[in-house]
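These notes are about the structure you will find just below.
Just so we're on the same page: letters track the sequence lines, and every chain starts at 1.
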2 protein chains.
Amino acid sequence: MAANLAYLNTRDLEFIIQEWLPTERVFSYPKFEGYYSKEDIKSVFEPYRKMCKELVEPANNESETHPCTFANGKVTTPPSFGGLFHKLLIGTCNEMMAAASPEFMPYVGLTTGATELIVEFGDEHLKEMFLPKLFDGTWAGTMCLTEPTAGSDVGDILSKAYPTDNPRIYNIKGNKIFITGGDNDFTENIIHLYLARVEGAREGTGGISLFVVPKFWVNEDGSLEDNDVQTTGIEHKLGQHGSVTASLAMGENGKCRGWLIGDPPDENGKAQGMAQMFKCMNYARLGTGLLGLACLANAGYNAREYCKERIQGRLLTDPKGPRMTLINHEDIKRTLLLIKSHVEAMRGMVHKTYFMFDVRKYDPDPEVRQDAIDFIEVATPMTKAYPTDEAWTLIGEAIQAYGGYGYCEEYPVAQIARDVKIYSIWEGTNYIQALDFIGRKWTMKKGTVYAKFVQQIRDFHAANKDTAGFEREFELLGKGIEALDSMMMSVGGFMGSGKISLMPTFARRILTANSMVFGAWVLLEMALIADKRIKELGQDHYDYNFYYGKVLSATFFCKNVLPQAFCIAEIVKEGDESVLQIPIESFDY
Amino acid sequence: MAANLAYLNTRDLEFIIQEWLPTERVFSYPKFEGYYSKEDIKSVFEPYRKMCKELVEPANNESETHPCTFANGKVTTPPSFGGLFHKLLIGTCNEMMAAASPEFMPYVGLTTGATELIVEFGDEHLKEMFLPKLFDGTWAGTMCLTEPTAGSDVGDILSKAYPTDNPRIYNIKGNKIFITGGDNDFTENIIHLYLARVEGAREGTGGISLFVVPKFWVNEDGSLEDNDVQTTGIEHKLGQHGSVTASLAMGENGKCRGWLIGDPPDENGKAQGMAQMFKCMNYARLGTGLLGLACLANAGYNAREYCKERIQGRLLTDPKGPRMTLINHEDIKRTLLLIKSHVEAMRGMVHKTYFMFDVRKYDPDPEVRQDAIDFIEVATPMTKAYPTDEAWTLIGEAIQAYGGYGYCEEYPVAQIARDVKIYSIWEGTNYIQALDFIGRKWTMKKGTVYAKFVQQIRDFHAANKDTAGFEREFELLGKGIEALDSMMMSVGGFMGSGKISLMPTFARRILTANSMVFGAWVLLEMALIADKRIKELGQDHYDYNFYYGKVLSATFFCKNVLPQAFCIAEIVKEGDESVLQIPIESFDY
């Protein structure tokens with residue numbers, strides 16, 4: 001397989017931290033004071049990039065040559081994954097690692113998620129028992145939500161928990177499917193964060209509790225014993241061949257136990273599990289968007305490098321001229337700029353939101369913290385769905401840029417396409433994200449949370465719309481803001497006239513259009529900074545091509561992508577009802 | 001693997017032949033008179049559907065369990081393919097077979113293509129030597145164009161042909177790659193239709209000749225002997241695992257011979273090969289569009305059947321109500337109608353064009369034949385590119401409709417996605433199609449050929465725009481026609497102001513927008529017929545759901561898809577130049 005070329009340099013990530021986001025605020029919070037400053041960022045990125053390049057990336061090829069297998073009840077993973085897991089768990093999981101190996105990342109991500117839940121909600125005893133070995137990578141973690149009959153509708157799970165003599169320990173019985181990292185052969189134990197209903201608790205999501213169900217029960221002396229957790233199979237998937245997707249049977253022999261997190265259901269049968277899970281869900285959804293973005297970025301980098309080398313055809317404007325490398329052809333440049341501008345929009349959206357997570361947690365001012373919380377609520381469904389929806393189509397364009405070799409597994413882009421498709425489905429399908437956006441985020445606190453988000457774009461637009469050289473871009477951003485208003489009006493009209501079902505019919509497209517405006521906003525914020533730097537530094541500066549590329553990313557996105565948001569607003573306004581009118585039987589033809 | 005459910009019924013295909021296209025014209029041509037009539041169509045379709053279902057479809061699963069392999073210079077294909085090839089070669093390759101097995105189809109399609117070239121341009125001697133065994137499937141055929149250094153720019157091939165004592169036989173030397181069906185283990189011989197340059201012929205496409213280069217040389221007595229054609233490897237591809245993609249080395253030992261088709265290069269070094277190849281190219285490109293359409297249709301059928309069975313969640317409008325099958329959820333219905341309306345638009349585009357192939361060949365009136373030729377010229381790049389571009393994204397949506405199981409190879413939709421991606425690349429990439437459309441088809445005969453095509457849409461619009469119940473649809477089609485005019489004006493403006501490079505920059509989007517208007521046109525033609533039938537037959541008729549579905553396909557497409565063509569026209573008008581401005585170096589970040 002041709003070398004995967006993820007992240008030859010980290011210039012754009014440095015720009016985000018050092019030049020765009022006001023990260024000095026975060027570095028000055030008491031928690032971080034005296035450690036790093038913004039200026040140290042390059043010295044953090046470089047060794048990390050090197051580690052991803054030299055350790056993680058080679059392992060990604062192994063996931064194809066040695067995919068996960070399941071035989072005699074045992075799971076085998078690509079041999080290199082075990083060593084990596086121990087080396088890397090303490091690192092922040094970020095875009096570089098996701099690009100270097102989308103198939104190894106889930107083990108890290110899920111373990112991080114499980115660890116966070118215990119940190120946030122576990123008592124001291126649970127923390128002492130589980131955290132040290134989760135932190136050092138001796139054990140791995142998972143999230144066990146989906147069951148054979150309950151995926152998006154998690155309230156319908158059948159897993160049951162029965163009280164024992166110890167009020168914090170329950171007997172667990174149930175079946176889970178699609179458990180990412182649900183088994184492996186490289187950690188001593190696997191700590192499942194497990195949703196189940198305590199006997200007698202209410203139906204639906206309100207009656208679900210969260211348990212720690214280790215694969216091997218941890219005795220008080222630290223020794224391990226079988227906990228009746230069986231792996232019944234793994235999925236043969238389109239991609240992610242190095243990442244185990246397991247079916248688990250808990251308590252088949254009546255001997256599976258789990259620790260309850262928090263309190264048992266109250267006298268009304270109301271339990272705490274879903275609220276606990278939701279607390280960590282925004283972060284997990286943002287992380288999924290990052291995975292999609294990382295795959296797309298990686299596809300773009302690889303396509304670019306190929307197109308620099310491959311000679312094919314002549315320019316249309318010079319048909320008798322010399323044969324050219326692909327990257328000189330207009331349609332290839334269009335494809336690469338299409339991908340580049342999307343990557344930078346998504347990266348901006350995701351990082352602006354990550355920044356708000358730090359503000360939310362550490363800012364001394366409660367009002368500032370509340371603003372960050374509100375920002376995260378609105379931004380999360382967009383940062384999860386937009387990168388993971390668009391990546392499939394755009395990676396298809398990266399394949400197209402290669403020509404026939406893009407279709408060959410010899411080059412990495414085919415595997416990237418296979419790996420990326422799951423992200424639009426897991427961690428809440430993108431339809432769930434869209435319903436969350438329109439059903440919850442639009443209406444939260446009587447609409448003020450969403451209005452505050454859009455107001456930031458309005459303010460930015462008002463303050464900068466006359467910037468020389470960007471007049472047209474801001475005119476288009478203004479039309480984007482109008483499109484946001486228009487879609488809300490249209491949906492209001494549906495609701496007012498009793499056509500409630502039109503809301504879910506248009507939900508995914510409305511989320512996409514909102515994301516495009518969000519993307520244009522962050523791109524223009526960055527472009528204004530880049531434009532200023534160009535004027536300060538001049539065209540001969542070594543950073544000129546980087547800054548000029550940032551400006552053109554914004555211009556291209558505003559003039560070629562953002563108009564699709566206006567188009568969606570028109571389509572929503574049209575309010576076509578054919579989806580509601582069509583009889584199920586008509587799909588038979 | 002879950003059963004592939006292609007083509008449970010052929011109702012829409014019957015509608016196309018019996019109710020929409022004026023096929024009575026074709027059936028009445030002298031060539032076909034006295035054979036079938038329109039009314040016999042069902043009796044032709046049904047056994048063919050059954051054969052595809054019972055023979056071809058099961059073989060498609062085998063292409064995953066027994067993919068093509070290459071060892072010790074020998075290719076092995078899925079075991080069932082050999083038997084099928086002999087049974088099926090005489091049949092017309094059509095959408096049903098392509099849906100039943102996209103991976104077996106190429107063997108049939110390429111053999112058909114090679115056979116046609118010999119029928120069209122071979123002399124009696126070549127026809128006698130090769131056609132009988134190509135027709136009965138004893139031998140297979142290929143098209144050998146691409147070389148390691150020449151793909152889209154076929155004029156740069158390095159294969160050489162050297163005269164021998166026999167003026168019709170040449171010694172052949174060269175390397176070919178990406179040869180679909182380039183080797184197999186189920187036919188006695190493989191007949192390569194091979195592009196090479198006769199020593200001394202001119203450079204570029206004008207100097208290329210076409211040869212018949214059999215894997216085993218056919219002696220006059222019919223016996224076979226080695227012809228120095230070696231298979232040097234096969235590609236490991238994203239999909240199409242049952243379809244061999246071979247690299248071939250001809251004449252490594254100086255012993256490969258080929259028959260020249262037609263005349264040797266003239267005194268100016270001008271050869272006939274490309275003109276011969278082009279003669280059959282429209283048909284091959286149309287066939288590729290059909291392959292893309294068939295994969296999309298098949299993904300839609302399978303998703304629909306899954307969504308009828310799978311229970312998940314409750315309706316947003318009835319959150320306390322019963323759990324529902326997926327097909328009752330608005331976003332799933334939207335997805336299925338999105339796919340259905342695209343499939344019917346593409347099927348209409350492709351079949352209207354196939355119809356013109358019959359008119360072109362058999363109509364007694366030369367003016368009618370010329371109109372058909374002109375229609376085919378304009379329609380071909382759209383029928384090739386539009387289905388094969390959109391299928392990737394839309395099959396991604398079919399995966400999404402399943403949820404997590406769509407990502408599992410246990411269900412057929414993942415394989416369909418992997419199989420379909422090649423069609424946007426082969427038979428002329430979709431960028432090549434777009435350049436052909438704008439560069440050649442727009443300007444052909446001073447623009448009159450394209451104008452005649454659009455005039456048919458204008459006439460249809462003018463004649464029907466006041467049809468009750470379709471007023472809005474026709475208003476949108478009218479805007480679509482305006483969009484076509486607008487894009488042509490914009491490109492005219494680019495050329496007039498010397499910005500020629502903007503033409504290739506927008507070429508693919510312009511082709512897409514034209515295809516959307518073409519699609520809306522054929523859908524509305526069919527919808528008007530269906531609407532009339534509904535009024536004749538009433539809602540209780542067993543065909544009501546079929547006809548009502550046809551009407552809603554048109555409505556949905558006009559109101560949800562066609563507006564994207566208006567959006568593209570606006571984007572082209574904007575004329576953004578950032579693709580031309582960006583320095584190659586800016587892609588490094």
Side-chain angles (χ1 to χ4, degrees), chain A residues 11-12 151-153 178 235-238 304 312-313 316-317 327 330-331 333-334 336-337 392-393 396 399-400 403-404 407-409 414 421-422 424-425 429 431 500-501 504-505 508 545-546 548-549 552 555-556 559-560 563-564 567 570-571 574 576 578-579 581-587 589, chain B residues 11-12 151-153 178 235-238 304 312-313 316-317 327 330-331 333-334 336-337 392-393 396 399-400 403-404 407-409 414 421-422 424-425 429 431 500-501 504-505 508 545-546 548-549 552 555-556 559-560 563-564 567 570-571 574 576 578-579 581-587 589:
Chain A
R11 184 66 187 87
D12 196 43
S152 291
D153 54 350
F178 291 149
E235 301 294 341
H236 174 209
K237 305 188 298 297
L238 172 60
R304 172 195 74 202
Q312 192 77 186
L316 210 73
T317 46
I327 204 167
E330 291 87 354
D331 193 55
K333 283 172 76 174
R334 181 194 62 80
L336 295 178
L337 186 50
W392 174 253
T393 299
I399 292 175
Q400 191 77 17
Y407 194 63
C408 295
E409 296 276 354
K421 191 73 207 82
I422 191 59
S424 61
I425 298 169
T429 67
Y431 179 43
I500 302 168
S501 296
T505 301
R508 280 186 66 199
N545 284 327
F546 168 71
Y548 189 41
L552 290 175
T555 296
F556 181 87
K559 295 185 176 176
N560 294 271
Q564 293 168 37
C567 179
E570 286 298 312
I571 289 170
E574 179 85 40
D576 173 42
S578 49
V579 167
Q581 291 162 342
I582 192 164
I584 303 296
E585 294 73 20
S586 294
F587 288 121
Y589 303 101
Chain B
R11 184 66 187 87
D12 197 43
S152 291
D153 53 351
F178 291 152
E235 301 294 341
H236 174 210
K237 306 187 298 296
L238 172 60
R304 170 195 74 201
Q312 192 78 187
L316 210 74
T317 46
I327 202 167
E330 291 87 354
D331 192 55
K333 284 172 75 174
R334 181 194 63 78
L336 294 178
L337 187 50
W392 174 253
T393 299
I399 291 175
Q400 191 78 14
Y407 195 64
C408 296
E409 296 275 355
K421 192 72 206 83
I422 191 59
S424 61
I425 298 169
T429 68
Y431 179 43
I500 301 168
S501 296
T505 300
R508 281 186 66 198
N545 284 327
F546 169 71
Y548 190 40
L552 290 175
T555 296
F556 181 88
K559 295 183 176 177
N560 295 270
Q564 294 168 37
C567 178
E570 286 299 312
I571 289 170
E574 179 84 41
D576 173 42
S578 49
V579 167
Q581 290 162 341
I582 191 164
I584 302 297
E585 293 73 20
S586 294
F587 288 120
Y589 303 101

Minimum heavy-atom distance B:Pro563-A:Cys567, with the two atoms named: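 For B:Pro563 versus A:Cys567, the nearest heavy atoms are O-SG, 3.6 Å.
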Shortest non-hydrogen contact from A:Trp392 toward B:Gly396: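 Shortest heavy-atom separation between A:Trp392 and B:Gly396 comes out as NE1-CA, 3.4 Å.
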Partner residues of A:Asp576 under the salt bridge (charged side-chain N to carboxylate O under 4.0 Å, His left out) criterion, sequence neighbours left out: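 Scan of A:Asp576 (salt bridge (charged side-chain N to carboxylate O under 4.0 Å, His left out), adjacent residues dropped) gives none.
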Contacts of type salt bridge (charged side-chain N to carboxylate O under 4.0 Å, His left out), residue A:Glu585, not counting sequence neighbours: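 Testing A:Glu585 for salt bridge (charged side-chain N to carboxylate O under 4.0 Å, His left out), a comparison that skips the adjacent residues, returns none.
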Check: B:Phe587 and A:Leu337 side chains under 4.5 Å, non-hydrogen atoms: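 Yes, close enough: below the 4.5 Å cut-off.
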With a 4.5 angstrom heavy-atom cut-off, could you sort out which part of [X] is near chain A: side chain, backbone, both or neither?
X        : value
B:Thr317 : side chain
B:Asn560 : both
B:Gln581 : both
B:Ile399 : both

Pair A:Ser501, B:Glu330: side-chain N/O donor-acceptor within cut-off below 3.5 Å: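 Judged by distance alone, the side chains do pair up.
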B:Ser424 and A:Gln400: side chain donor to acceptor below 3.5 Å: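 The answer is yes; a qualifying pair exists.
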Choice from [options] maximising heavy atom contacts with chain B below 4.5 Å:
options                                : answer
A:Ala414, A:Cys408, A:Gly403           : A:Cys408
A:Phe546, A:Tyr548, A:Phe556           : A:Phe546
A:Asp331, A:Leu336, A:Thr505           : A:Asp331
A:Asp12, A:Ile584, A:Val579            : A:Val579
A:Pro583, A:Gly151, A:Gly549, A:Ser578 : A:Ser578

Region of A:Glu570 that comes under 4.5 Å of a non-hydrogen atom in chain B: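 No part of A:Glu570 comes within 4.5 Å of chain B.
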Structural part of A:Ile425 lying under 4.5 Å from a heavy atom of chain B: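 For A:Ile425, the contact with chain B is made by backbone and side chain together.
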Sidechain-backbone polar pair: A:Arg11 side chain, B:Tyr589 backbone, donor-acceptor under 3.5 Å: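 A pair under 3.5 Å: no.
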